[in-house]
Amino acid sequence: MTSVAVMQPYFFPYIGYYQLLNYADYFVVLDDVSFRQRSWITRNQIRLHKNPFTFSIPIQNSSQNSLIKDLKLYHLDEWKKKFLKTIYHAYSKYPNFKDVNCLIQAILNFENNKLSEFLFNSILTTSNYLSIQTPILSSSDIGYDRNVGASDRMINICKSLNCDIYINLPGGKSIYNKQYFAENNIDLRFLEGKPKGSKISIIHDLMENSETDFKKNMLNIEIL
């Protein structure tokens, strides 16, 4: 049996995102759906002086009808400098600051102002840093029927990749129905248990935990 996970592209998402990515046989970045204002697609949180701090990527004017793949970034150079300065103030005294800061800089130096490409590269680069081998695809590059509801869209993606298991984060339990997926010959499963690490950006967990410990202990999950 072959599994696939499908998630919208988030900027430095929390550890559960990468646990899911690490577990799946294929990971699809869902970039051909409508952009949601004030979603985690363009913002997240770190710890700054022990308090939550929200950061966000600047994007050009958008509406709820804009597809993620059609949006563009702006004022990137100015934003990059400010973001790196914030990371320094937040984590310069953490044990893994040097390595993780290099990772962040490599991601920020990606020369493409398309939001979906920028986010895709950030996910791929972080996955490579963690030695995750799962192939990562963009949904816009997959041939499948998009003119359906959320559940059927996921089922169609599974079938287009010849996968018979669809896995999702716990929040998907309120959206997807196991019986409906089973009727379409897809086994729906969810990440179970409380993920190790924080619920904020993976940046925080990478700063706190060595690369070795992260790979050995924090990427391990249970899927039911």
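These numbers come from a predicted model, not from an experiment.
For the atom pair CD1 of Ile87 and CZ of Phe97, the computed distance is 8.0 Å after rounding to the nearest 0.5 Å. How far CG of Asp164 is from CD1 of Ile186: 6.5 Å, rounded to the nearest 0.5 Å. Here OH of Tyr144 is found 4.5 Å from OG of Ser139. Values are rounded to the nearest 0.5 Å. Note that CD1 of Ile104 is 11.0 Å distant from OG of Ser122, once rounded to the nearest 0.5 Å. With rounding to the nearest 0.5 Å, the separation of OH in Tyr23 from CD1 in Ile167 is 6.5 Å. Taking OG from Ser201 and CG from Leu206, the interatomic distance works out to 8.0 Å, rounded to the nearest 0.5 Å.
Aromatic ring centres of Tyr91 and His204: separated by under 6.0 Å. The ring of Phe12 has its center no closer than 6.0 angstrom to the ring center of Tyr17.
Side-chain contact check for Met154 versus Leu30: some heavy-atom pair is nearer than 4.5 Å. With a 4.5 Å cut-off on side-chain heavy atoms, Met7 and Leu169 count as touching. You'll find the side chain of Phe27 stays beyond 4.5 Å of the side chain of Asn22, heavy atoms only. Side-chain contact between Val28 and Ile142 is present, with heavy atoms from C-beta onward closer than 4.5 Å. Two residues are said to be in side-chain contact when any heavy atoms from C-beta on lie closer than 4.5 Å; Phe11 and Phe118 meet this criterion. In this structure the side chain of Ile57 reaches within 4.5 angstrom of the side chain of Leu119, judged on heavy atoms. Residues Ile202 and Asn44 fail the side-chain proximity criterion, which asks for heavy atoms closer than 4.5 Å. Side-chain atoms of Leu21 and Ile136, non-hydrogen and from C-beta on, do get closer than 4.5 Å to each other.
Ile123 is connected to Leu161 through a chain of hydrophobic side-chain contacts under 4.5 Å among Ile, Leu, Val, Met, Phe, Trp and Tyr, so both are in one cluster. Leu84 and Trp79 fall within a single hydrophobic cluster, where Ile, Leu, Val, Met, Phe, Trp and Tyr side chains are chained together by heavy-atom contacts under 4.5 Å. Tyr74 and Leu76 fall into different hydrophobic clusters, where Ile, Leu, Val, Met, Phe, Trp and Tyr residues are linked whenever their side-chain heavy atoms come under 4.5 Å apart, directly or through other members. Transitive grouping of hydrophobic side chains (ILVMFWY, heavy atoms separated by less than 4.5 Å) keeps Ile200 and Leu130 in distinct clusters. A single hydrophobic cluster is seen to contain both Ile59 and Phe120, as judged by linkage of ILVMFWY side chains at heavy-atom distances under 4.5 Å, directly or through other members.
Asp99 and Tyr129 are not linked by any side-chain donor-acceptor pair at a separation below 3.5 angstrom, with hydrogens and angles left out of the test. For the residue pair Asp25 and Thr2, no side-chain donor N or O sits within less than 3.5 Å of a side-chain acceptor on the partner. A side-chain donor-acceptor contact under 3.5 Å links Tyr166 and Asn168.
The main-chain N or O of Asn113 is never found under 3.5 Å from a side-chain atom of Lys72 such that the two would form a donor-acceptor pair. Remark: side-chain polar atoms of Lys178 are paired, donor with acceptor, to backbone N or O of Leu188 under 3.5 angstrom. Distance alone, capped at 3.5 Å, places no donor-acceptor pair between the Asp152 side chain and the Val148 backbone. A donor-acceptor contact shorter than 3.5 Å links the side chain of Ser39 to the backbone of Ile41. Looking only at distances, a side-chain donor or acceptor of Asn109 sits under 3.5 Å from a matching main-chain atom of Gln105. Asn51 contributes no side-chain N or O that, together with a main-chain N or O of Arg47, makes up a donor-acceptor pair within less than 3.5 Å.
Of all non-hydrogen atoms in Ser140 and Lys69, the two that sit nearest each other are CB-CD, 3.7 Å. Minimum interatomic distance between Met207 and Asn96 (heavy atoms only, all atoms of both residues): O-ND2, 3.1 Å. For Leu67 against Ser34, the heavy-atom pair with the smallest separation is CD2-N, 3.8 Å. Closest approach of Ala24 to Thr134, counting heavy atoms only: O-OG1, 3.1 Å. What you find for Asn184 and Lys159 is that their closest heavy atoms are O-CE, 3.4 Å. Heavy-atom minimum distance, Pro170 versus Leu191: CG-O, 3.2 Å.
Scored by the side-chain hydrogen bond (donor to acceptor under 3.5 Å, both in side chains) test, Asn112 finds no partners at all (sequence neighbours excluded).
Other residues, nucleotides and ligands place no more than 12 heavy atoms under 6.0 Å from the CD atom of Glu111. More than 12 heavy atoms of other residues, nucleotides or ligands lie within 6.0 Å of CZ in Phe55, so this atom counts as buried by the packing criterion.
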Walk me through whether Asp32 and Arg153 qualify under salt bridge (Lys or Arg N to Asp or Glu O under 4.0 Å).
CA-CA 11 Å; Asp32 56 354; Arg153 180 185 283 262; 3.4 Å; yes

Would you sort out whether Phe53 and Gln45 count as a side chain to side chain contact (heavy atoms under 4.5 Å, CB included), showing the intermediate values?
CA-CA 5 Å; Phe53 175 86; Gln45 290 186 330; over 6 Å; no

Stepwise, does the side chain to side chain contact (heavy atoms under 4.5 Å, CB included) test hold for Leu71 with Gln60?
CA-CA 7 Å; Leu71 296 177; Gln60 296 181 16; over 6 Å; no

What's the verdict on ring pair (Phe, Tyr, Trp, His ring centres under 6.0 Å) for Tyr176 and Phe190, showing C-alpha distance, side-chain angles and the deciding distance?
CA-CA 10 Å; Tyr176 303 120; Phe190 296 98; 7.4 Å; no

List the steps, then state whether side chain to side chain contact (heavy atoms under 4.5 Å, CB included) holds for Ile68 with Asp70.
CA-CA 5 Å; Ile68 297 171; Asp70 294 331; over 6 Å; no

